Structures are given as C-alpha cells and as structure tokens.
Amino acid sequence: DAAQASTSSHVYIITNRVTSTLGWDTSALPDGDYVVELFAEDTRQNATSAFVEVSITQRDIVPPPPPTWTAVQSTAAGAHFTWQGVDADDLAGYRLLATSGTSLAEVAPEAVLTAQRVDYASAISVDAPAYYVLRAVDNQPVPNVSTDTDRYGTWRTPDKPRVLIVDGFDRSSASWKSSIHDFAALYGGMLAVSEYGFDTAANEAVVAGHVALSDYALVVWFLGDESTADETFSDDEQRLLRAYVASGGYLVASGSEIGWDLGAQGSASDQAFLREVLKLSYLGDDSGSLTVSGTSGSLFDGLRNVAYGSRPYVEDYPDYFAAQPDARVVLTYGNDRAAGVLFEGTIPGGTAPAKVLTVGFPLETISQAGFQNLLMNRVLTHFFPPSTSSASAPTAFALGQPYPNPARDWVRIPVLGVPRGAGGAVEWEVVNLLGRTVRSGTLSSQDLILDLNDLAAGVYFFRAGATVRRMVKQ
C-alpha cells in the first residue's frame, strides 16, 4: 500500500521481542493487499528477511440478537416450531438444535430456516420428551451465531390429557438475572416423570392467539418472580384464563408475586380475577419460611418440609394467601401460612367445573428434583384420577420395580392395570422388617410416587394385592 509503505519507505511494526510475542493490530490499517516483511537481526547486524502477501478485511464479529420462541408443539406428523424473528441486516437464518444434557444435535440449519422464516414443521419423532433451542446466524464469511433461546420442549402422549406449559417468566431484573432460562424444560421434566406429554408456549403467543388454551385439558402457567413492572397476569391474559377456567379448564399457576401484583398493587379487575378465578386473597409478600408441607386430607397430604427458594435462583419474597370460602389451603409454609390454594368447582359465569391450583412460590425453585416430580405427580393424579367405573371383575395388574432403589427422598412404583371392579380399589402398604405397616393408601394412578422423607433408613417392602417389591431407604 503506497500510503503505508514502499520499497523506499517502510512501515515498521515490531511484532516480536526476544522475550515475548506481540500481535499485529490490523485494525490500524485500511482494507487492502499488503506485503509483509518478516526479518530478524542479531547484535552483529546480520539480518535476513522473508516476504509474505497479506490481505486485510475488517471482519464483523458481532452476532445477531437471539430469536424468541413462540411455541414448540407436537402434531400427528411430528413437531411444529414457531418463533419471533430478529431484525438484523446481515441475518442469514436460524439454526434449530435438539438438546440432551449438554449435548446438541442440529435439526435444521440456517439454509433451511432462512431469514424470512418464523415457523418450521418437522417430521422429527415426538414419541419421547425432547427439548430445543434456536439460534440466529448471520451471513458473514465466518458466521456469527447468537446465544440460545430459552429451552422449550414437547412430547406427544395420545392416551393422556393434553398439557400446555406457558412460560410467563420474562423478568431478569430481580433474583434471576439472565434474559434466558431453562425453566420450561424443568416443568416438562416434572410432567414427563408421570408420563404426561406437553407442549410449550410463551405467554405472548397465548395473548396473540397463536396457541389456544382451549386445546388443552391442563395449563401449567409459571411466572417465577415476575411482578408489577412486567405484570404477572395482564388484562388480556386474565380475560383468556377466565374464559378457559369458566369452560372447565384446569389451571396450575406458580409464582411468587401473583398476590402482590394483583392483590396489593392491582386494580379492581385484578383483584376480582384473584378472588373469582384463582380463588384466593392476598395476605403478605414475604412468607417468612422456605419450606412447605401438604395439609391433612389434601392432594399433598404427607409431603413434609419440602425446601425451596435457594436454586436455581433465590426466592426472597414468596406470597402467602387466604383461600376463598369455596376453596381450600393445600400447602402451607413452615409457619402455617398458606402457600397453595386449590379450587374445584364452577367460577362465577362459568359453564363447567374447573380445577385451579395457585402456588405462592416458584415450583422450579424446589431444591430437589424428586420433590418437584412428586408434587406434580400429586397434581396430575388429583386432576385426572383413573376411571372408577365398575366392571364385573377386577382387571389384572402388575407392579414394576421401584426406582430409584436404593432411594433417599422419593421412590416411583410402576403400576400397570390398576384393579377395579368387584373388589373395589387396590390397597397398598409399606412394611418394615418388623412387619409393621408404616405407610398405606389406595392405588389411584399407573405410577405411584412415594415420599420417603418421614421413613428411617432401612429395608422396606411395598405390597399391593399379592405382589411385593423390596426397596431400600438410604
């Protein structure tokens, strides 16, 4: 480059010393073709040179912003993916990846998911739980790739009621600091343990009409610590949920600021939604306890001192409630304040009985996955009990092997073909080595998940009918 160097005028950049290696900052030079002289010289002025042709082009190293999931849903033919596109002049497209632990597998590249695309129908199998992320990719010679979206999943189980997970957690200015999270996948895992399939959608997709609540028997709407600035349930969301519950839909709502936002800070319509749909009244913004237990005779009966609020983020202001007269408290904090309220019936203006469970803390912050799964299993078993229609004779059934075994906090007992009919429901019991019954109940789901925290370490036997299974509590 004549402006930089010539055979008579050199531009010297010392790139190396005897004791260290330096870099050549090409950003100081305009784009173009150069000849670089590499030379070495000793203390006696002996020197040698080599010449290398170099082309300089300033590279764009700024990745595009990430896209945002709208929904991931299963279909009879596979899976349907929808998202909000990004605004970037050099956008090439999107890269869809399936996730498994820390591993990623490409489902569709940016050559297929071009910049104009905001949806993709795939024939990928939906016969097992699967989770996905999406990335934006630009068109630079060395492509820049955005960060991942949230992780959304789906699983098709045609023999079970359809469940929709709604991600309403957009806040990143409180305990959770990141703009992305994996919480929807955590809820998918809770459902999958009980062998319930699911789809996942952003709350914005529900409001926009891209995903219809009425297509699902159960909606699990999680809010984390979403609060007043971001709104827990907006006016539009309240309207849609009121219509859904009024028509007999089942709802689980989880979040630490629902009461604070709608009750303490809300409008008259917010408070009416809290009272008439969620069936509770707000009492306070800080429960003062980081454990919960089930109330006697409720769907959570037997759950004791379940810890929450320390991971994956700190929950510092969990709400506590009072149940409306036609609802009941089913979870309490360690100081007996109400943590969860269940309503079963028809709301004002409704046309069919509904079931609504509202929890004053984020379920994703329950410290142990086993308790997350156990709590969700209790909800599913209560919301969708097995058919109790009588037959002339009991059906055959079998017990699978307990898992995990040995177990520490909980154990799952697979039960196939729960007997009903002439003998009624099948009773089960847990017996210790002394022959004493320490737990008992009635089989009411294909898979029974037992809370073991109130049992001492040792060997136990689970018995249902004439079948016995050995299990070990650590």
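The structure presented is a predicted model; accordingly, all values stated were derived computationally and were not measured.
Using a 3.5 Å distance cut-off with no hydrogens or angles, the side chains of S269 and S267 do pair a donor with an acceptor. Judged purely by distance below 3.5 Å, without hydrogens or angles, the side chains of Y308 and E364 never pair a donor atom with an acceptor atom. H210 and Q73 form no side-chain donor-acceptor contact under 3.5 Å, judged by distance and modelled atom types alone.
Residues D150 and T68 fail the side-chain proximity criterion, which asks for heavy atoms closer than 4.5 Å. L164 has its side chain out of reach of L218: every pair of non-hydrogen atoms, C-beta onward, lies at least 4.5 Å apart. Contact check for L240 versus V206: side-chain heavy atoms found under the 4.5 Å cut-off. Contact check for Q238 versus L262: side-chain heavy atoms found under the 4.5 Å cut-off. When side chains are defined from C-beta on, I56 counts as touching D31, because their heavy atoms get closer than 4.5 Å. Side-chain contact check for V62 versus N144: every heavy-atom pair is 4.5 Å or farther apart. Side-chain contact between L375 and L363 is present, with heavy atoms from C-beta onward closer than 4.5 Å. Two residues are said to be in side-chain contact when any heavy atoms from C-beta on lie closer than 4.5 Å; H181 and D167 meet this criterion.
T75 places a side-chain N or O within 3.5 Å of a backbone atom of G78 that can act as its donor or acceptor partner. Side-chain N or O atoms of T365 include one that pairs as donor or acceptor with a backbone N or O of P362 at under 3.5 Å. No side-chain donor-acceptor contact under 3.5 Å links K355 to the backbone of L342. Counting only distance, with no hydrogens or angles, the side chain of D451 and the backbone of W410 share no donor-acceptor pair below 3.5 Å.
Here the closest non-hydrogen pair linking Q372 and I366 is NE2-O, 3.1 Å. When all heavy atoms are compared, the tightest approach of R337 to G288 is NH1-N, 4.2 Å. The two residues A327 and V341 have their closest heavy-atom pair at CB-CG1, 3.8 Å. S254 and F361 make their closest contact through OG-O, 3.2 Å (heavy atoms, listed as atom of the first residue, atom of the second, distance). A98 approaches V107 most closely through the heavy-atom pair N-CG2, 3.7 Å. T154 and A79 make their closest contact through CG2-CB, 4.5 Å (heavy atoms, listed as atom of the first residue, atom of the second, distance).
Within the structure, every pair that satisfies the side chain to side chain donor-acceptor pair (under 3.5 Å) test and touches residues 86-95, not counting sequence neighbours, is listed here: D90-Q140, R95-E110. Residue pairs meeting the side chain to side chain donor-acceptor pair (under 3.5 Å) criterion with at least one member in residues 114-134, sequence neighbours excluded, are H80-D119. For residues 278-307, no residue pair satisfies the ring-ring contact (aromatic ring centres under 6.0 Å, His included) rule, not counting sequence neighbours. Pairs passing the salt bridge (charged side-chain N to carboxylate O under 4.0 Å, His left out) check and including a residue from residues 259-277, sequence neighbours excluded, read R242-E276. Applying the ring-ring contact (aromatic ring centres under 6.0 Å, His included) rule to pairs touching residues 250-274 yields F233-F273, Y250-F383, Y250-F384, sequence neighbours excluded. Listed by first and then second residue, the salt bridge (charged side-chain N to carboxylate O under 4.0 Å, His left out) pairs involving residues 196-207 are R162-D199 (not counting sequence neighbours). Within the structure, every pair that satisfies the salt bridge (charged side-chain N to carboxylate O under 4.0 Å, His left out) test and touches residues 219-236, not counting sequence neighbours, is listed here: D236-R239.
Going from atom CZ of R156 over to atom OG of S74 covers 5.5 Å, rounded to the nearest 0.5 Å. Annotation: the span from Y196 atom OH to M376 atom CE amounts to 11.5 Å, rounded to 0.5 Å.
Checking S287, S310, S256 one by one against E315, the side chain to side chain donor-acceptor pair (under 3.5 Å) holds for a single residue, S256.
Partners of W69 by side-chain hydrogen bond (donor to acceptor under 3.5 Å, both in side chains), not counting sequence neighbours, listed by chain and number: T149. Annotation: side-chain hydrogen bond (donor to acceptor under 3.5 Å, both in side chains) contacts of T358 (sequence neighbours excluded): none. Partners of S194 by side-chain hydrogen bond (donor to acceptor under 3.5 Å, both in side chains), not counting sequence neighbours, listed by chain and number: N377. Partners of R304 by side chain to side chain contact (heavy atoms under 4.5 Å, CB included), not counting sequence neighbours, listed by chain and number: S293, D454. Remark: R135 engages D148 in a salt bridge (Lys or Arg N to Asp or Glu O under 4.0 Å) (not counting sequence neighbours).
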Dump the intermediate steps for side chain to side chain contact (heavy atoms under 4.5 Å, CB included) on W83 and V72, then the final yes or no.
CA-CA 9 Å; W83 60 90; V72 175; over 6 Å; no
Yes or no on side chain to side chain contact (heavy atoms under 4.5 Å, CB included) for F343 and D326, after CA distance, side-chain angles and deciding distance?
CA-CA 7 Å; F343 168 73; D326 52 355; 3.6 Å; yes
Determine whether V306 and T291 satisfy the following criterion, side chain to side chain contact (heavy atoms under 4.5 Å, CB included), listing intermediate values before the conclusion.
CA-CA 5 Å; V306 177; T291 63; over 6 Å; no
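Between W176 and F183, a ring centre-to-centre spacing shorter than 6.0 Å is recorded.
Using cut-offs of 30° and 60° on the angle between ring planes, the pair F222 and Y187 is parallel.
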